[in-house]
Amino acid sequence: MALRCSTRAFASATRSCLGPVAVRPAPYSRHARVACMASAAGAAAGPKYFILNYTYVPDILEKRGPYREAHLAGANKQLKAGQLVMAGAAGDPVEGAVFIFKNTSRDAIEAFVQADPYVQNGLVPDYSIKPYTVVVGSP
């Protein structure tokens, strides 16, 4: 992101940046160009997010019945603990699910997965856990 500002506004602009600041003279102008660059080292520590992606077996809607209540109870327990932000089915027809976790660890998410009745009963043949960085929106 590049901001155009006067020299007087430089101090204000640098305070609004999340990371290192690069100042370059703008061509044919008495104004300076201030580039704000966010980096892991320079950014303020915020919430840490993970995305858990499930891949479901075909015909999940027909097969999930006996396990759905316990599956949702496990997700709701994580929600009430403040570790799960949201979760839901993905695709039309449903082919998987997405869970957004906040301020927890990969190990805790792995424990959630292994305790999930859908996983224990073969309804989730594949899953992935990935770090997620919020760039737009409120973390």
Engineer: Taking Val98's backbone N and O only, do any of them form a donor-acceptor pair with Asn53's side chain (distance below 3.5 Å, no angle check)?
Structural biologist: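 Such a contact is absent between Asn53 side chain and Val98 backbone.
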Engineer: Determine the minimum heavy-atom distance between Pro125 and Thr55, stating which atoms define it.
Structural biologist: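 The answer is CD-O, 3.0 Å.
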Engineer: Keeping to residues at least two apart or across chains, list the side-chain hydrogen bond (donor to acceptor under 3.5 Å, both in side chains) pairs with something in residues 72-82.
Structural biologist: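 Qualifying pairs, neighbours excluded: none.
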Engineer: Can you see whether Asp126 engages Tyr54 through a side-chain donor-acceptor pair at a distance of less than 3.5 angstrom?
Structural biologist: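 No pair is found: no donor N or O on one side chain lies under 3.5 Å from an acceptor on the other.
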Engineer: Hey, is the main chain of Phe112 close enough, under 3.5 Å, to the side chain of Asp116 for a donor-acceptor pair?
Structural biologist: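 Not confirmed, Asp116 side chain does not pair with Phe112 backbone.
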Engineer: A side-chain contact here means heavy atoms from C-beta on lying under 4.5 Å apart; do Pro131 and Arg106 qualify?
Structural biologist: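 Yes; the side chains approach each other to less than 4.5 Å.
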Engineer: Using every non-hydrogen atom in the two residues, find where His71 and Pro117 come nearest and quote the distance to one decimal.
Structural biologist: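 Heavy-atom minimum between the residues: N-CG, 3.8 Å.
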Engineer: Check whether any side-chain heavy atom of Ile51 lies under 4.5 Å from a side-chain heavy atom of Ile129, and answer yes or no.
Structural biologist: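 No - every pair of side-chain heavy atoms lies 4.5 Å or more apart.
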Engineer: Indicate the atoms forming the closest heavy-atom contact of Ala108 with Thr104, along with that distance.
Structural biologist: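 The pair with the smallest heavy-atom distance is CB-OG1, 3.3 Å.
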Engineer: Quick one: closest heavy-atom pair of Ala75 and Leu84, and the distance?
Structural biologist: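 So the two residues come closest at O-CD2, 3.4 Å.
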Engineer: Rounded to the nearest 0.5 Å, how far does NZ of Lys130 lie from CZ of Phe50?
Structural biologist: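 It is 13.0 Å, given to the nearest 0.5 Å.
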Engineer: On the 0 to 90° scale, with breaks at 30° and 60°, tag the Tyr132-Tyr49 ring pair as parallel, tilted or perpendicular.
Structural biologist: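 Perpendicular.
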Engineer: How many angstroms lie between atom CG of Asp59 and atom CZ of Arg64, to the nearest 0.5 angstrom?
Structural biologist: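 Rounded to the nearest 0.5 Å, the CG-CZ separation comes to 12.0 Å.
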Engineer: Are Glu110 and Tyr127 linked by a side-chain donor-acceptor pair shorter than 3.5 Å?
Structural biologist: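 Checked: Glu110/Tyr127 side chains pair up, N/O donor to acceptor below 3.5 Å.
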Engineer: Supply the atom-to-atom distance Phe101 CZ to Gln83 CD, rounded to the nearest 0.5 angstrom.
Structural biologist: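 Interatomic distance, Phe101 CZ to Gln83 CD, rounded to 0.5 Å: 8.0 Å.
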Engineer: In Å and rounded to the nearest 0.5 Å, what is the CG to CZ distance from Leu123 to Arg68?
Structural biologist: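 The distance works out to 12.0 Å.
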Engineer: If I compare all heavy atoms of Ala97 with all of Tyr56, which pair ends up nearest, and what's the gap?
Structural biologist: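 Reported closest heavy-atom pair: CB-OH, 3.2 Å.
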Engineer: Please check if the number of heavy atoms outside Lys63 that lie under 6.0 Å from its NZ is greater than 12.
Structural biologist: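 Count over threshold, so yes.
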Engineer: With rounding to the nearest 0.5 angstrom, report the CD1 to OH distance, Ile60 to Tyr67.
Structural biologist: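 Ile60 atom CD1 to Tyr67 atom OH measures 10.0 Å (nearest 0.5 Å).
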Engineer: Determine whether Leu72 and Tyr118 fall in the same hydrophobic cluster, where Ile, Leu, Val, Met, Phe, Trp and Tyr are linked whenever their side-chain heavy atoms lie under 4.5 Å apart.
Structural biologist: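 No, because Leu72 and Tyr118 fall into different hydrophobic clusters, even though each may have its own neighbours under 4.5 Å.
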Engineer: Verify the cluster assignment for Ile100 and Val113: are they in a single hydrophobic cluster under the rule of side-chain heavy atoms below 4.5 Å apart?
Structural biologist: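 Shared cluster, no.
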Engineer: Has Glu69 got more than 12 heavy atoms of other residues, nucleotides or ligands less than 6.0 Å from its CD?
Structural biologist: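 12 or below, so no.
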Engineer: Report yes or no: do Val134 and Met86 belong to one cluster of Ile/Leu/Val/Met/Phe/Trp/Tyr joined by side chain heavy-atom distances under 4.5 Å?
Structural biologist: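 Yes, same cluster.
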